[in-house]
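What follows is a short report on a single structure.
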Amino acid sequence: MPDKTMEKLVSLAKRRGFVFQSSEIYGGLGSVWDYGPLGVELKKNIKERWWRSMVHEREDIEGLDAAILMHPKVWEASGHVAGFTDPLVDCKHCKNRFRADDPKIKGTPGQPDAQCPTCGMKGTLTAPRMFNLMFKTFMGPVEEDAAVIFMRPETAQGIYVNYLNVLQSSRQKVPFGIAQIGKAFRNEITPGNFVFRTREFEQMEMQFFVKPGSDGEWFEFWRAERLKWVQDLGIRQEKLRWHQHGKGELAHYAKDAYDIEYEFPFGWNEFEGIHNRGDFDLSRHQEYSGKKLDYLDTTTNTRFVPNVVETSAGADRTTLVVLCDAYREEAVKNEDGADKEELRVVLKLKPELAPIKAAVFPLVNKDGMPDVARRVYDDLRKRFNVFYDDGGSIGRRYRRQDEAGTPFGITIDGQTSQDQTVTVRDRDTLKQIRVASAKLVDYLKEQLTG
Ligand code: ATP
């Protein structure tokens, strides 16, 4: 049976306000997505968690926010102008475009035997042509070749070109790192699978500058650290694995590279890479800019161009991993008191990542319950992102929050006016306990850390 999980996830994402297609009312823009009210919170929680662990919790890493637009020579130095290309073929009949290595193509593109995977015609596929993945635009009023600049296809180059600025202003010493979260753009030929491969996306990258010879050790260190971080998002262990780049896959400058892969509903795929890049990046920028980027090690009085160990993650892809891993369908008891089971969709997000931490419900809209519920809601929202809902049966309200991944449901009921306690319902176990309303803040604080 075909796996429908992605379809269901895309539909849930839209229904609950996680992710919408860009410019949807105009028919959408291919492989560009917008994050709705819940999606922006989820992605922000992931980015903040990354920033905390990579920048705030480490003495040896500094943060940076470089501009998207950079000097065009950056992309010559980085190799993107010459090398950031994919071979492409077009079908002259149906006008569709494919990667030349698309496994759906039968035969050799450019030859009469080649068959278009979309329209099925033979001999209509062009020979492969190189296609640069960088988006181009013009700087200034004149649209001429000299004014061409690129939208950055990765955040890393903003770090390399600021290496010296950060080193000098922060008084760090090698080994040290620079971390950045920001948008990147790639005119991908075969985007797809929801936010897995998009044309505009966000990266969370960290470049760690080390003394040549110590790179192997630091590479292993960062591999272990990054896997720990990913596991700490609550991702199921059996859905994670390492993939080491073979000789054919390694970028020409890379000494070693590993991807962390997740088993998505559409198969195992990378969502973060850890790369040992040698001294390629700083050496190239030194050569192209004419500025010295070597480092004086004052303890040994020697100069060297630092090697770089990079950790490169996609914020959108990591968000997709978190969503896919949290998505469950389960048979549970009816929560409106009927003696029957029903199917529920629930996002079992780690509470710290959940967009909404708790939802507050008056059991019924009478007997003073809405007033008390509002007071509880107003009190909680000073500290947490909470949600108020008084529409529909309590069971229906719980189900809506299950789909949003909200870990706690707080219900103000008949007993509240007698003993000032409320019901707290756990998203995963459906168990309900009574908590004094005055103790709710402490209770949630305790549940939401760890
Ligand atoms: P792929 O082979 O999947 O295109 P890549 O090897 O080119 O990825 P890198 O250049 O190493 O990816 O980028 C690092 C990370 O940035 C990836 O692991 C991924 O999480 C994210 N990323 C790269 N391209 C995209 C994209 N088009 N859409 C969303 N995320 C992306």
Side-chain angles (χ1 to χ4, degrees), residues 6 19 21-22 29-35 39 43 46-47 50 54 75 78-80 83-88 99 101-102 131-135 150-160 179-207 219 222-223 226-227 229-230 233 235 240-246 248-264 266-277 280-281 308-325:
M6 280 313 286
V19 180
Q21 201 185 4
S22 161
L29 182 66
S31 287
V32 185
W33 297 88
D34 299 338
Y35 288 78
K43 189 158 92 156
I46 291 170
K47 288 189 289 183
W50 186 89
M54 297 299 268
W75 308 111
S78 70
H80 283 85
F84 199 53
T85 48
D86 274 352
L88 264 192
R99 281 168 77 125
D101 59 0
D102 190 327
F131 172 79
N132 197 293
L133 297 184
M134 281 195 292
F135 277 98
F150 301 98
M151 315 273 278
R152 69 179 176 199
E154 60 174 34
T155 52
Q157 300 305 322
I159 290 181
Y160 298 131
Q180 170 165 231
I181 298 177
K183 290 266 188 176
F185 302 82
R186 294 183 190 175
N187 201 357
E188 300 274 7
I189 302 150
T190 48
N193 284 325
F194 196 30
V195 296
F196 177 79
R197 192 186 304 285
T198 55
R199 294 194 166 108
E200 174 176 341
F201 55 98
E202 254 181 309
Q203 290 188 312
M204 308 186 287
E205 293 199 302
M206 192 280 296
Q207 268 64 39
F219 182 65
W222 280 112
R223 272 203 328 125
R226 293 309 303 151
L227 183 64
W229 186 85
V230 166
L233 293 173
I235 309 300
L240 294 170
R241 72 175 188 197
W242 284 109
H243 166 75
Q244 183 177 20
H245 285 208
E249 277 171 281
L250 269 183
H252 60 282
Y253 48 81
K255 279 189 172 171
D256 204 355
Y258 277 82
D259 295 335
I260 307 179
E261 293 190 336
Y262 177 76
E263 190 179 20
F264 291 94
F266 46 89
W268 286 95
N269 275 289
E270 152 191 6
F271 65 103
E272 169 154 357
I274 293 90
H275 312 129
N276 183 346
R277 300 173 63 109
F280 175 81
D281 307 283
V308 169
V309 173
E310 162 185 79
T311 73
S312 174
D316 311 84
R317 257 189 223 179
T318 306
T319 304
L320 185 61
V321 167
V322 166
L323 278 173
C324 288
D325 209 64

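We count ligands from 1, going down the list as the structure has it; atoms in each ligand are counted the same way. No hydrogens, no waters, no symmetry mates; every other heavy atom, side chains included, goes into these values.
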Under the side chain to side chain contact (heavy atoms under 4.5 Å, CB included) test, residues paired with Ser31 that sit two or more places apart: Pro191, Arg199

Pair Tyr253, Asp281: side-chain N/O donor-acceptor within cut-off below 3.5 Å: no

Sub-4.5 Å side-chain heavy-atom contact between Phe201 and Lys183: no

Results of side chain to side chain contact (heavy atoms under 4.5 Å, CB included) for Asp102 - residues two or more places apart only: Phe98, Lys104, Ile105

Every pair of nitrogen or oxygen atoms between ligand 1 and the protein that is under 3.5 angstrom apart - can you list them with their distances to 0.1 Å?
| residue | atom | partner | partner atom | Å |
| --- | --- | --- | --- | --- |
| ligand 1 | 3 (O) | Arg197 | NH1 | 3.2 |
| ligand 1 | 3 (O) | Arg197 | NH2 | 3.4 |
| ligand 1 | 3 (O) | Arg317 | NH1 | 3.0 |
| ligand 1 | 3 (O) | Arg317 | NH2 | 3.0 |
| ligand 1 | 4 (O) | Arg197 | NH1 | 2.5 |
| ligand 1 | 6 (O) | Glu270 | OE1 | 3.3 |
| ligand 1 | 7 (O) | Arg186 | NH1 | 3.0 |
| ligand 1 | 10 (O) | Arg186 | NH1 | 3.2 |
| ligand 1 | 10 (O) | Arg186 | NH2 | 2.9 |
| ligand 1 | 13 (O) | Gln203 | NE2 | 3.4 |
| ligand 1 | 16 (O) | Gln203 | NE2 | 3.2 |
| ligand 1 | 18 (O) | Glu270 | OE2 | 2.7 |
| ligand 1 | 18 (O) | Phe271 | O | 3.3 |
| ligand 1 | 20 (O) | Phe271 | O | 2.9 |
| ligand 1 | 20 (O) | Gly314 | N | 3.0 |
| ligand 1 | 24 (N) | Arg186 | NH1 | 3.3 |
| ligand 1 | 27 (N) | Glu188 | OE2 | 2.8 |
| ligand 1 | 27 (N) | Thr198 | N | 3.4 |
| ligand 1 | 27 (N) | Thr198 | O | 2.8 |
| ligand 1 | 28 (N) | Phe196 | O | 3.4 |
| ligand 1 | 28 (N) | Thr198 | N | 2.9 |
| ligand 1 | 28 (N) | Thr198 | OG1 | 3.4 |

Listed partners of Glu270 passing side chain to side chain contact (heavy atoms under 4.5 Å, CB included), at least two apart: Asp259, Arg317

For His275 against Ser312, the heavy-atom pair lying closest together: CE1-CB, 4.2 Å

